[in-house]
Amino acid sequence: MATYTWDFPQLDTAPSEGALSDVVKTIHWRITAVSDTETNAEGQPISVSAYGTASAGEADADNFTAFDSLTKDWCKAKVLASLDKTEEEMQANLDTQIENLANPPIVGKTPSSW
């Protein structure tokens, strides 16, 4: 199990689009998972993240949210829609990364006689 945190460090906007202003075009996002059980060699919780950019889609004047009224939930919904993923799928991917760091499926080795 892990704790998941979404961050949206930047929203790229069009200053105006028709009668609308500050129209979000691109969302910069990051989701971070911190393990509740797995630790690294230093005893710190294992942490992984995924990040990228996502299109906010076309602005709809009838359902437009003013820039200063945007929420992180609005951003998360737009990102998930753009990626065609559910939040559970994103979390499962991060959980797999944590598991692979805690218990690597493949490790590099050389014979001791070399």
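Reckoned from all heavy atoms, side chains included, excluding hydrogens, waters and symmetry mates. What you see is a predicted model; the values in this text were computed from it and never measured.
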- Item | Thr96 side-chain N/O to Ala92 backbone N/O, donor-acceptor pair under 3.5 Å | yes

- Item | Whether over 12 other heavy atoms sit under 6.0 Å from Glu58 CD | no

- Can you tell me how far the OG atom of Ser16 sits from the CG atom of Asp22, to the nearest 0.5 Å? 9.0 Å

- Indicate yes or no for a side-chain donor-acceptor contact from Thr13 to the backbone of Pro15 under 3.5 Å, with no hydrogens or angles considered. no

- Task: Evaluate whether atom CG of Asp60 has more than 12 neighbouring non-hydrogen atoms of other residues, nucleotides or ligands under 6.0 angstrom away.
- Result: yes

- Message: Minimum heavy-atom separation for Glu89 and Lys85, please, with both atom names.
- Response: OE1-CA, 3.2 Å

- Given the rule that I, L, V, M, F, W and Y join up when any side-chain heavy atoms are under 4.5 Å apart, are Tyr4 and Leu83 in one cluster? yes

- Item | Hphob cluster co-occupancy, Val79 + Leu11, side-chain heavy atoms under 4.5 angstrom | yes

- Should Phe64 and Val23 count as side-chain neighbours, where that means a heavy-atom distance under 4.5 Å? yes

- Query: If every non-hydrogen atom of Arg30 is compared with every non-hydrogen atom of Ser49, which pair is closest and at what distance?
  - Reply: NH1-OG, 3.3 Å

- Task: Pick out which of Ile31, Leu94, Asn100 makes a side-chain contact (heavy atoms from CB on, under 4.5 Å) with Val48.
- Result: Leu94

- Mind checking whether Asp12 and His28 have side chains closer than 4.5 Å, heavy atoms only? yes

- OG1 of Thr37 to CD1 of Ile46: how many Å apart, nearest 0.5 Å? 8.5 Å

- Task: Kindly determine whether Asn93 and Gln97 satisfy side-chain hydrogen bond (donor to acceptor under 3.5 Å, both in side chains), including the steps that lead there.
- Result: CA-CA 6 Å; Asn93 179 285; Gln97 290 181 44; 2.7 Å; yes

- Task: Test Trp29 against Leu80 for side chain to side chain contact (heavy atoms under 4.5 Å, CB included), laying out the working first.
- Result: CA-CA 10 Å; Trp29 61 270; Leu80 292 170; over 6 Å; no

- Query: Closest heavy-atom contact between Ala102 and Glu38?
  - Reply: CB-OE1, 3.3 Å

- Item | Minimal non-hydrogen separation, Val107 against Pro104, with atom names | CG1-CB, 3.8 Å

- Task: Measure from the side-chain N and O atoms of Asn40 to the backbone N and O of Glu42, and report whether any donor-acceptor pair falls under 3.5 Å.
- Result: yes

- Message: Show the nearest heavy-atom pair for residues Ile27 and Cys75, with the distance to one decimal.
- Response: CD1-O, 4.0 Å

- Message: Within the 4.5 Å heavy-atom criterion, are Phe8 and Leu70 side-chain neighbours or not?
- Response: no

- Within-4.5 Å side-chain heavy-atom neighbours: Trp6 and Met90: yes

- Query: For Asp95 and Gln91, does a side-chain donor sit closer than 3.5 Å to a side-chain acceptor?
  - Reply: no

- Note on the structure: Heavy-atom closest pair (Leu20 atom, Ala61 atom, distance to 0.1 Å) is CD1-CA, 4.2 Å

- Message: Please say yes or no: joined through hydrophobic side-chain contacts below 4.5 Å, possibly via intermediate residues, are Val34 and Leu101 part of one cluster?
- Response: no

